[in-house]
Trainee: 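Can you keep this structure in mind? I'll have questions shortly.
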Amino acid sequence: MTLILANDVRKTYRLGRVDVPVLKGATASIERGEWVALLGASGSGKSTLLHLLGGLDRPDRNTRNNGNGAGEVVFDGRALTSMSARELDRYRSESVGFIFQFYHLLPELTVLENSQLGAMIQHGRFGWMKRRRNERARATELLDRFGLGERLRHRPAELSGGERQRVAIARALMNEPALLLADEPTGNLDRATGGRILDALAAYHTELGQTIVMVTHDEEVANRAERILRLADGVVEEG
Amino acid sequence: MYQALLTRRYLLSKVMPLLAIAAVMLCTAMVLIVWSVMAGFLTTLLDSGKTLMGDVEIEASLNGLPYYEDLRDRLEADPAIAASSATVKAQALLGVLGGSMGVQVIGIDGPSYHAVTGFGETLWWRHLDEPLRKDLNEEDLRLKIPEGFEEFGLHLTEVDRETGANVPAVVLGINVANANFATGGGWIVPFVFMPQEEVTLTVLPISRNGAPINVQAQRFPVANEMRTRFYEVDANFVLIRRDALQELLRMDEAQRIEDGFEFGVIEESEHGEESFSAPRVVGVDPARVSSVLVRAAEGVSLGELKERVRQVYAEFVLAHDDANPKPPDSSRIIIQTWDERPGIRNFVQAVKKETALLLALFAFISLTAVFLVCAIFWSMVSEKTKDIGVLRALGASRLGVAWLFLRYGTAIGVVGSILGGVIAVLIVRNINPIHEWIGRALGIVIWDPEMYLFADIPNQVEPTKAAIVLGAGVLFSVLGALLPAARAASLDPVRSLRFE
């Protein structure tokens, strides 16, 4: 059953006076519970496609054809372009978890607070006040699972790269998203540490059937996924 | 919720917000200090102005106002009038401590004058039970003064040391004799304790026809000193028992002799003895005063009081229509509220305008805080661009991100305003010792009592004014955060995440 579909999506960026087409009709379908690697060279549009899937960006408007769904990203049967800004915020908050190459943890917050950030955003002030204990327990459990149980009150600056990425994974999984989008999750780590990060993702995928779309330029990393989609010249090719 | 957490963390972990807090703090403190001092100046002016003038004054010309006791009875019978007092005013030469100076002398009846003006409260030398807070060494002489000492001042009477009789005395403004030193702690150290001294008053009486009579001089004991805090009064006014001044000025009751009488020698032919010819007494000239002061009853406005006084005076003139001499009719006297007196009215208006102008200027200067907060927040949004991208990726709405920075601006405004308020209160409350310290350390006297009328700088902060200034401080800070917040909200999440 398809969880998310990018159907012939195009994206062009304007650099100064020049239009640079990044995606030229990329199509990718991801099934629920699948771990897919998006493999491609630097600048091939992997991250752009990931951002479109995550609702952070929208495909080019003039290439969309609402009649046949071309140019659309469709999540669970609903086109993201048909969503209002509020619905898109909710989509990112509830259905998607992002992991970035450079972790993107907020330096002023502790490990525990960083991992709870998504939950705070999702529930709002009053919802958070009501659920605070449960959410804290869940965050602690997640961080414990990723070996950070003793680091709850540490700031990101006090952690190693691998630890930071594990905090970022905990943050992404906090709201139990249907779709986990990982942008070069091991790109900034040494091979051994990166391997342990992938082990953690694999364990989560296997145990809980987490759907993962992972962007990478590294063939070896991509091989950890169940399926590889190659992105070259703005289009997606299977295998 | 994340906004509250991040606001707390940003406040405590960054230097820039501290600068913004400092800017808001300084601006609120500056405006509150200026406003408090200027408004306090005006309030003190208004309060002190009434101290020696009452609410409404009936002022007669040089000839004076006869039958004033009847006028007072009529005034006090009116429910709009709480009290009245008749006074005599004159310019005099005061001989004090070996020197002499020109002063304004007011002849008063102590108790009634106190009922109208509350002047008894301004008598300085009175028994003090406890030393003042800062008087650690109990240097205040008032601690040693016997209870009831001020009664002499209130009645302007002293006991003559030789005869034991009650004799008229004077009350000097505390700065008249230049015999005192005001301490920063709120008490006065006398170089010479004036209530043990005597002064000489020299006046030039004027006849009913306006012609000067012989210069009169007399020595009087000093009963007390008064401190109205109105420098002009404290440095130039001398109060004296009214009957004594009336006598000196020839405004007391006197026999009237026949017109055209010439003094001469009568020779009695039988015995060859000589005697002086005696004038025939044709009547009595009543005692006169310069003015009658009136205090309004509770809840009666100055305007209403003035109107009532005008009516009572008209009835008074009518009642003495057959008398000789007649009281001056309404067109020859001036009835005015205390703040209508020439000089005071213009001065109060000038102070009000000056206060408004100063406030406007400082409020305008405080607008720089808006730009400062704006600049600091703008740079913070740039610094936090990636964090904004992360928040958006985690589902934060544009409005939520804007609120983060607005809330942050509010927090900076609240903290800065509260600190500014605390600083302003501390400075204003201690402004006189600070001023004295600056004077001693740097030799600069900013508040010259001769120029600003009052010896002390007003040192009270009104809660309403504090609330307005603090509220404005928060508002300015939020205004400063508005543009950067809008910019943060409009940032594209993908560009933000890629921002280096």
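Here is how names work: the chains are called A, B, and so on, in the same order as the sequence lines, proteins then strands, and each is numbered from 1.
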Trainee: Side chain, backbone, both or neither: which part of A:F100 has a heavy atom under 4.5 Å from chain B?
Mentor: side chain
Trainee: If you count heavy atoms of other groups shown closer than 6.0 angstrom to CZ of A:R14, is the number above 12?
Mentor: yes
Trainee: Let's test your reading of the structure: which of A:H104, A:M120, A:M174 forms the most heavy-atom pairs below 4.5 Å with chain B?
Mentor: A:H104
Trainee: Measure A:Y103 against the heavy atoms of chain B and call it side chain, backbone, both or neither at under 4.5 Å.
Mentor: neither
Trainee: Roughly how far apart are A:E184 CD and A:L38 CG, rounded to 0.5 Å?
Mentor: 10.5 Å
Trainee: Counting neighbours of CZ on A:R151 that are heavy atoms of other residues, nucleotides or ligands and sit closer than 6.0 Å, is the number greater than 12?
Mentor: yes
Trainee: Counting heavy-atom pairs under 4.5 Å to chain A, which of B:D492, B:L391, B:L399 comes out on top?
Mentor: B:L391
Trainee: Got more than 12 heavy atoms from elsewhere within 6.0 Å of CZ, A:R155?
Mentor: yes
Trainee: Using 0.5 Å steps for rounding, measure from the CD1 atom of A:I212 to the OH atom of A:Y204.
Mentor: 10.0 Å
Trainee: Between A:L105, A:L181, A:D57, A:L106, who has the most heavy-atom pairs with chain B when the cutoff is under 4.5 Å?
Mentor: A:L106
